[in-house]
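Structure first, then comments.
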Amino acid sequence: MKKELPHIYKNEIGSRVTKNRNIYHIKENDAEIKNEMPLESDPVTVEAKLKKLFQSRRYIFNIEVEIVTKRKVYDTKIAGKVKNSIVTIDGEVIPMIEIEDIIIKDRL
C-alpha cells in the first residue's frame, strides 16, 4: 500500500545566480560609498552615551560615571532618567541641558 506523492514543480537553474552579489553587496571600487560608522575622533552626543548606558546588560545604578556640567563635575552613579533630567544615586537632579559630557568609568 505504497502511495505515490504528487510531483512538485521545480524550475531548473540553467546559469549561475550572481544577481544577489550585485544587489546586496557593496562594490569596493564604488566612489559613492560613504562611511556611516562614526570615527573615534567624532564627538558622541550625551544622548547617545545615555542610550548606551541604559541598553547595557548591567544595571544602570551599578555603573560609575562622571557627569560634567557647566557648573560642577559629579562623580556618581545614575539612578534613572525623568523627563529631561538625570537622577543620580545621591538624589541630585541634573537637567540634560546643563550636561556637557558623560564619562563612563566602568566597563559595560
Side-chain angles (χ1 to χ4, degrees):
M1 296 212 70
K2 186 176 180 183
K3 285 187 174 180
E4 284 191 33
L5 298 174
H7 293 286
I8 299 173
Y9 173 77
K10 57 182 177 179
N11 192 9
E12 292 184 24
I13 300 174
S15 64
R16 188 171 183 180
V17 179
T18 60
K19 188 174 184 179
N20 287 345
R21 178 176 294 274
N22 294 336
I23 293 174
Y24 295 109
H25 294 286
I26 299 173
K27 296 178 184 177
E28 291 179 18
N29 59 357
D30 193 1
E32 297 178 8
I33 298 174
K34 293 182 181 177
N35 192 359
E36 296 290 328
M37 297 295 290
L39 299 175
E40 290 181 14
S41 62
D42 291 344
V44 180
T45 62
V46 174
E47 289 84 13
K49 288 183 180 182
L50 279 175
K51 185 176 181 180
K52 183 179 177 181
L53 282 170
F54 281 108
Q55 288 180 347
S56 70
R57 293 183 180 207
R58 296 179 56 195
Y59 291 114
I60 187 76
F61 50 84
N62 286 338
I63 302 172
E64 297 236 0
V65 294
E66 187 173 298
I67 301 172
V68 180
T69 63
K70 297 174 184 175
R71 300 179 196 158
K72 187 178 175 182
V73 176
Y74 299 91
D75 189 22
T76 185
K77 298 176 182 178
I78 297 175
K81 182 179 174 185
V82 179
K83 294 185 183 178
N84 292 330
S85 300
I86 293 178
V87 181
T88 65
I89 289 289
D90 305 330
E92 297 185 40
V93 178
I94 307 168
M96 292 282 292
I97 297 171
E98 291 184 9
I99 298 175
E100 293 178 350
D101 194 17
I102 296 178
I103 301 166
I104 303 167
K105 292 185 173 184
D106 292 341
R107 280 183 50 193
L108 295 180

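Just so it is clear, the model here is predicted, and its values are computed rather than measured.
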Side chain to side chain contact (heavy atoms under 4.5 Å, CB included) between Ile94 and Ile99, intermediate numbers included
CA-CA 8 Å; Ile94 307 168; Ile99 298 175; 3.7 Å; yes
Evaluate Met96 against Glu47 for side chain to side chain contact (heavy atoms under 4.5 Å, CB included), listing each step before the verdict.
CA-CA 9 Å; Met96 292 282 292; Glu47 289 84 13; 4.1 Å; yes
Between Val65 and Ile103, is a side chain to side chain contact (heavy atoms under 4.5 Å, CB included) present by the stated rule, with each step listed?
CA-CA 6 Å; Val65 294; Ile103 301 166; over 6 Å; no
Between Glu100 and Lys70, does a salt bridge (Lys or Arg N to Asp or Glu O under 4.0 Å) hold up when you go through it step by step?
CA-CA 7 Å; Glu100 293 178 350; Lys70 297 174 184 175; 5.9 Å; no
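Judged by distance alone, the side chain of Lys49 and the main-chain N or O of Ile102 form a donor-acceptor pair under 3.5 Å. A donor-acceptor pair under 3.5 Å links the side-chain atoms of Asp106 to the main chain of Glu64, judged by distance alone.
The side-chain hydrogen bond (donor to acceptor under 3.5 Å, both in side chains) check on Asn84 picks up nothing, with sequence neighbours excluded.
No side-chain heavy atom of Ile67 sits less than 4.5 Å from a side-chain heavy atom of Val73. Side-chain contact between Ile78 and Thr88 is absent, with no heavy-atom pair separated by less than 4.5 Å.
Of all heavy-atom pairs spanning Thr76 and Ile89, the tightest one is OG1-N, 4.1 Å. Taking both residues in full, the closest heavy atoms of Phe61 and Lys77 are given as O-CD, 3.1 Å, listed atom of the first, atom of the second, then distance. The two residues Glu92 and Tyr74 have their closest heavy-atom pair at OE1-CE2, 2.6 Å. Ser85 approaches Pro95 most closely through the heavy-atom pair OG-CA, 3.9 Å.
Atoms CG and CD1, on Leu50 and Ile60 in that order, are 7.5 Å from each other to the nearest 0.5 Å.
Note on Val93 and Phe54: separate hydrophobic clusters, where clusters join Ile, Leu, Val, Met, Phe, Trp and Tyr whose side-chain heavy atoms are under 4.5 Å apart, directly or indirectly. Two different hydrophobic clusters hold Ile86 and Val82 under the rule that ILVMFWY side chains link at heavy-atom gaps under 4.5 Å.
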